[in-house]
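All ligand and atom numbering here is 1-based and tracks the order in the structure.
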Amino acid sequence: MAGPRHTNGARKRSTSAARSGGHRAAAGNGTVRAWQDDPLGYAPPPLDRPIPNLALAPLKLRIKGTKVPSGAYAPGTAQFRYWAAAEALRRGADFWAPLLGVHRWQPGAVLRVGLDEGDDLNAYYDRSELAFFHSSAGGKTVYSGESPDVVCHELGHACLDAHRPELWDAPFIEAGAFHESFGDMSAILSALQLTTVRGSALAAVKRHRSSELSRLAEQLGWAIRQTAPAAVDPDCLRNAYNPFHYVDPNTLPDSAPANRLCAEVHSFSRVFTGAFYDALSGMLRIRSSKPSAADLATVAADLGRLLVDATGAAPVVPSYFAQVAAHLIDADAARFGGKYRSALVKAFVGRKIIPQTAVDGVVAVTAETRREAAKFAAARMVRPAPRIVTFQFSAKDFGLGDRPLHVDAPIEQKPAHTLSVAITQERPHEDDGAAHASARRFVEVLFAHHRVAVEPQHGARSASPEAPHRHTHAVVAKGGALKLVRRRFDCGRG
Ligand SMILES: [Zn+2]
């Protein structure tokens, strides 16, 4: 693709409307106009939607700056972008709020949103706010906060942080990659809250194909490709329909073009998101041999429910993907009597996230065994006990001064259940020594990608070339040592 596609007639009309100055096209009528999917030309035309109330509890949001009067504005205007972002924020938060059962964000009762925090192809969540940016690429100005995919991805970080704050400090590639995957899954599940998106995506999900639903952040991906063609997929930022299988991320290289996996968290996240899209497709076919758009809505809600159950119960450990996958399968047993088990097993075994041997014999079972398994799983869907381990590395190994570098890790423990027992047997090295090695590899990759802010007094040989808001972590002084702390989940080009 050479540039943004303008094959969509509605988009061409939008551009001429934008030139007219962004005045409200209609009296408002209790609606605002917003994108149904990413603004790039794949997307269907804007939709009139009920005016979103960002102050609605429990997950309240507030866009910084002056509130724009509601109305049906023309795409290309700041007013349109304001309401497009507000609509996506409210839709995503309304999807997650009843599932999460939380009453506040990590930053507090209200999550602030900055729609244009400066010049960058980027977006982040930093436990203070969601931040979006603008930048020029290919002769066009792109606003990351205009894309419902990007907005609902960032919102996903904030939702998962409200639900599972322990992941914030987890210094493991799989924990960071899962946070990114959760953002992409949030974008897909939030998009499926729209009737029109369900209608257009139904055939692709049923037949398990790439689609405008599986392609995420097409416009931001296009903008990044203008200067780094191999850094992202050829038709989007990341695609949930992808060919990637699990390998130990500690064995992957620091960097790779988008058509290969590397140890960077956005790259590796695609393994879990791929399994999620496989599972969505398989669950839809279990629900009905001739599924309707309403069936797709039900399956999306069920999968969202299972994700919340699984992330609540899965212990934070280096092999986090397998733990979440195993708990998803158990959550299905506990909540739905194992209705979706074959689809979930096929997805996660197929992606090599959990080994075949761990699930042998657990799919084809009698009704009685299934009931017993459901009871057993339900009793174990409990939150694990936290344990904070501090790993010590030599700061010199990362180009810093001759001092210890401390990295805290929440390593959780819980009673084993059927699947986790089998997985533990498959991976007997899952102990503190392995966690130390995983944490070290995580820190190496952060430094390789210039993601760590280091003050000169801490002995950095050279300043990070990345802008301050691109740093996901910082090194701070604590006692006689240095300590690594997380600052944000940053979601632009890695
Ligand atoms: Zn992200």
Side-chain angles (χ1 to χ4, degrees), residues 38 85 88-89 92-93 96 105-107 111 113-115 117 120-133 142-165 167-191 214-221 223-224 231-233 236-240 242 249 258 261-274 276 307 311 320-321 324 442 445-446 449 451 466-467 469-473 486-494:
D38 193 81
L89 288 164
W96 287 114
W105 305 96
Q106 273 293 316
L111 181 62
V113 180
L115 286 186
E117 300 291 281
D120 200 357
L121 294 173
N122 199 24
Y124 68 70
Y125 163 67
D126 71 351
R127 265 193 181 172
S128 160
E129 63 182 23
L130 306 184
F132 302 93
F133 295 80
V142 168
Y143 295 84
S144 61
E146 184 177 1
S147 165
D149 281 352
V150 179
V151 167
C152 291
H153 173 103
E154 296 309 320
L155 188 80
H157 280 301
C159 286
L160 184 56
D161 196 29
H163 177 50
R164 273 305 240 144
L167 287 166
W168 179 266
D169 277 327
F172 308 124
I173 292 169
E174 289 188 32
F178 183 81
H179 234 283
E180 295 305 334
S181 178
F182 194 89
D184 284 353
M185 294 187 283
S186 171
I188 289 173
L189 294 173
S190 300
S214 72
R215 287 187 291 269
L216 294 159
E218 290 96 324
Q219 187 180 65
L220 186 60
I224 291 171
V232 296
D233 280 5
C236 59
L237 186 68
R238 287 182 294 276
N239 196 334
N242 67 56
L261 280 184
C262 71
E264 196 276 332
V265 290
H266 298 86
S267 173
F268 196 69
S269 75
R270 296 175 297 172
V271 174
F272 200 96
T273 313
F276 160 86
L307 274 169
T311 47
Y320 189 61
F321 278 16
V324 177
F442 177 78
V445 176
L446 289 182
H449 285 266
R451 293 293 199 166
E466 285 288 8
H469 65 256
R470 289 291 188 105
H471 296 136
T472 59
H473 290 72
R486 182 178 280 281
R487 290 285 190 241
R488 61 178 56 79
F489 285 99
D490 186 76
C491 306
R493 177 183 155 196

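A parallel orientation is assigned to the rings of H179 and H157, their planes being inclined by less than 30° (bins at 30° and 60°). Ring geometry for F489 against W168 counts as perpendicular: the plane angle is over 60°, on a 0 to 90° scale with 30° as the lower cut. In this pair, F321 and F268 present their aromatic rings parallel. The plane angle is below 30°, not in the 30 to 60° band.
Protein contacts to the Zn ion (ligand 1) involving N, O or S atoms at a distance below 2.8 Å are H153 NE2, H157 NE2, E180 OE1, C491 SG.
Here H163 and F182 keep their ring centres 6.0 angstrom or further from each other.
Between the side chains of D490 and T472, no donor-acceptor pair is found at a separation under 3.5 Å.
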Practice task
Dump the intermediate steps for salt bridge (charged side-chain N to carboxylate O under 4.0 Å, His left out) on R486 and D161, then the final yes or no.
Solution key: CA-CA 13 Å; R486 182 178 280 281; D161 196 29; over 6 Å; no
